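Structure first, then comments.
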Number of protein chains: 2
Amino acid sequence: MSFINPAITFVLITFTNNYMAIFSKTCEYAMRAVFYVAQKSHEGQKVGIKEIAEQINSPEAFLAKILQKLSRERLIQSVKGPNGGFYFDAVSLNRPLADIVSAVDGNEIFTGCGLGLTYCSESNPCPLHDEFKKVRNQITHMLNHTTIGKFNLGLIKGKFTLNK
Amino acid sequence: MSFINPAITFVLITFTNNYMAIFSKTCEYAMRAVFYVAQKSHEGQKVGIKEIAEQINSPEAFLAKILQKLSRERLIQSVKGPNGGFYFDAVSLNRPLADIVSAVDGNEIFTGCGLGLTYCSESNPCPLHDEFKKVRNQITHMLNHTTIGKFNLGLIKGKFTLNK
DNA sequence: TTAATAAAAGACAAAAATATCTTTTATTAT
DNA sequence: ATAATAAAAGATATTTTTGTCTTTTATTAA
């Protein structure tokens, strides 16, 4: 004998807040994975997708797609078969994180207008132009000066987290 | 007598780049609209959704939803009926743009971890923590120090764009 | 007090991002 | 050579974001 009391019925809100971070989930997973693999590479090990996904807390199959893309663009190294997995060679370890971000999220974050205007420029600025430029520059600087292998020691020493 | 030459058949790429800007489209439209309405309010005018959408180059019905939300949260003023429309009162004109952004996109951009980690903090930082904090602070500063009415004169003088 | 106007609300649709599952290909240890 | 392993590729499903259309409600000018 169950029933719904109309007096306390809840209403579904149609306009829920977006949940917007700076980077897409794809990009977040990519960056976490890259730092994890780099640290293992520093220790001379290859890592399988399963371990990576577990350690950085990401959906395995989805992360696989992301790493496939990075692999196709030669940003990460991989070998199939037993004892295979993902790793970075010395050259790749020195690549900036910016390469990962643009491979996955595109260049919008480095070049785009804060208000989403196509024709926004120095000579035809949007209201936020000057202030937003500072933000963009800071992001660009951060991503260009962070190499993939930069945090290896800190990660090995347990100074940093990549999980949850 | 048409046919497909298998030697030059194209392949559909499955993994297309995300197109990620800092703010969601919703938020971009919101900010552009707010600046447009503010400028009109400065001139003592109310504006209808149709004009706003045209002037800031956004889908009308979608923008309507966004402004409805802002209106419900008392961030923008509106009146129905003839000569009705949207406007800002003096108090609202002094509100920071941050209020608009968080109403629409949430607080992730002000507080979130760059790598998307829930437990990232000063005592348990992700590798990007310190650098990302600077970015977040810059964004927060920009949005807190930009009032909704800040660019009215510049917009009236045609110094800034909001279109395309 | 009525017709016209314009926002609010509700329902729905399309596109993009995120996620999963299955099959194929390459590698290696046996 | 063969079986086992692990990434690559393909296909499909789900969720979120973005976008549209219709109906309702409030306001105002006539």
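In what follows, chains carry the letters A, B, and so on, assigned in the order in which the sequence lines appear, proteins first and then strands, with residues in each chain numbered from 1. Worth saying up front: this structure is predicted, and the values here are computed from it rather than measured. Only heavy atoms go into these numbers, but all of them, side chains included; no hydrogens, no water, no symmetry mates.
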Can you name the nearest heavy-atom pair linking B:Ala38 to B:Asn152, along with the distance?
C-OD1, 3.2 Å
A:Glu108 has an atom CD; how far is it from atom C1' of C:dA17, in whole Å?
16 Å
Is there a donor-acceptor contact under 3.5 Å linking the side chains of B:Asn137 and B:Thr140?
no
Would you say the side-chain atoms of B:His129 and B:Glu122 include a donor-acceptor pair closer than 3.5 Å?
yes
From CD1 of B:Ile66 across to P of C:dA7 the rounded distance in Å is 15 Å
Would you classify B:Ile49 as touching base, sugar-phosphate or nothing, given that sugar-phosphate means primed atoms plus P, OP1 and OP2, and contacts are heavy atoms under 4.0 Å?
sugar-phosphate
Taken to the nearest whole Å, CG/A:Leu67 to C1'/D:dA9 is 14 Å
Quick test: give all pairs of protein nitrogen or oxygen and nucleotides 15-19 of chain D nitrogen or oxygen below 3.5 Å, distance rounded to 0.1 Å.
{"unit_1": "D:dT17", "atom_1": "OP1", "unit_2": "A:Tyr19", "atom_2": "N", "d": "3.2"}
{"unit_1": "D:dT18", "atom_1": "OP1", "unit_2": "B:Lys25", "atom_2": "N", "d": "3.1"}
{"unit_1": "D:dT18", "atom_1": "OP2", "unit_2": "A:Asn18", "atom_2": "ND2", "d": "2.8"}
{"unit_1": "D:dT18", "atom_1": "OP2", "unit_2": "B:Thr26", "atom_2": "OG1", "d": "2.7"}
{"unit_1": "D:dG19", "atom_1": "OP1", "unit_2": "B:Tyr29", "atom_2": "OH", "d": "3.3"}
{"unit_1": "D:dG19", "atom_1": "OP2", "unit_2": "B:Tyr29", "atom_2": "OH", "d": "3.1"}

Presence of A:Arg72 side-chain N/O under 4.0 Å of D:dA9 phosphate oxygens OP1/OP2
yes
Please give, in whole Å, the distance from D:dA8 P to A:Glu60 CD?
13 Å
May I have the distance from B:Lys46 (atom NZ) to D:dA26 (atom P), rounded to whole angstrom?
18 Å
Atom NZ of residue position A:Lys159 - does it have more than 12 heavy atoms of other residues, nucleotides or ligands inside 6.0 Å?
no
Whole-Å distance separating the CD atom of A:Glu28 from the C1' atom of C:dA17:
13 Å
Under 3.5 Å, is there a donor-acceptor pair between the B:Tyr87 and B:Gln77 side chains?
no
Residues of residues 73-89 of chain B with any non-hydrogen atom less than 4.0 angstrom from an atom of DNA chain D: list those, numerically ordered, please.
B:Lys80, B:Gly81, B:Pro82, B:Asn83
Note: A:Phe132 and B:Ile22 closest approach over all heavy atoms is CZ-CG1, 3.7 Å
Earlier contact from the 5' end, DNA chain C, for B:Ser71 and A:Leu63
B:Ser71
Begin from the C-alpha positions of A:Lys46 and A:Lys40 and carry the test side-chain contact (heavy atoms from CB on, under 4.5 Å) through to its verdict.
CA-CA 7 Å; A:Lys46 282 177 241 130; A:Lys40 288 287 174 177; over 6 Å; no
Once you round it to whole Å, what is the distance between P of C:dT20 and CD of A:Gln68?
15 Å
Of A:Thr147, A:Leu75, A:Ile100, which is the lone residue that meets side-chain contact (heavy atoms from CB on, under 4.5 Å) with A:Arg95?
A:Leu75
Enclosure of B:Lys133 NZ (heavy-atom neighbours >12, cutoff 6.0 Å):
yes
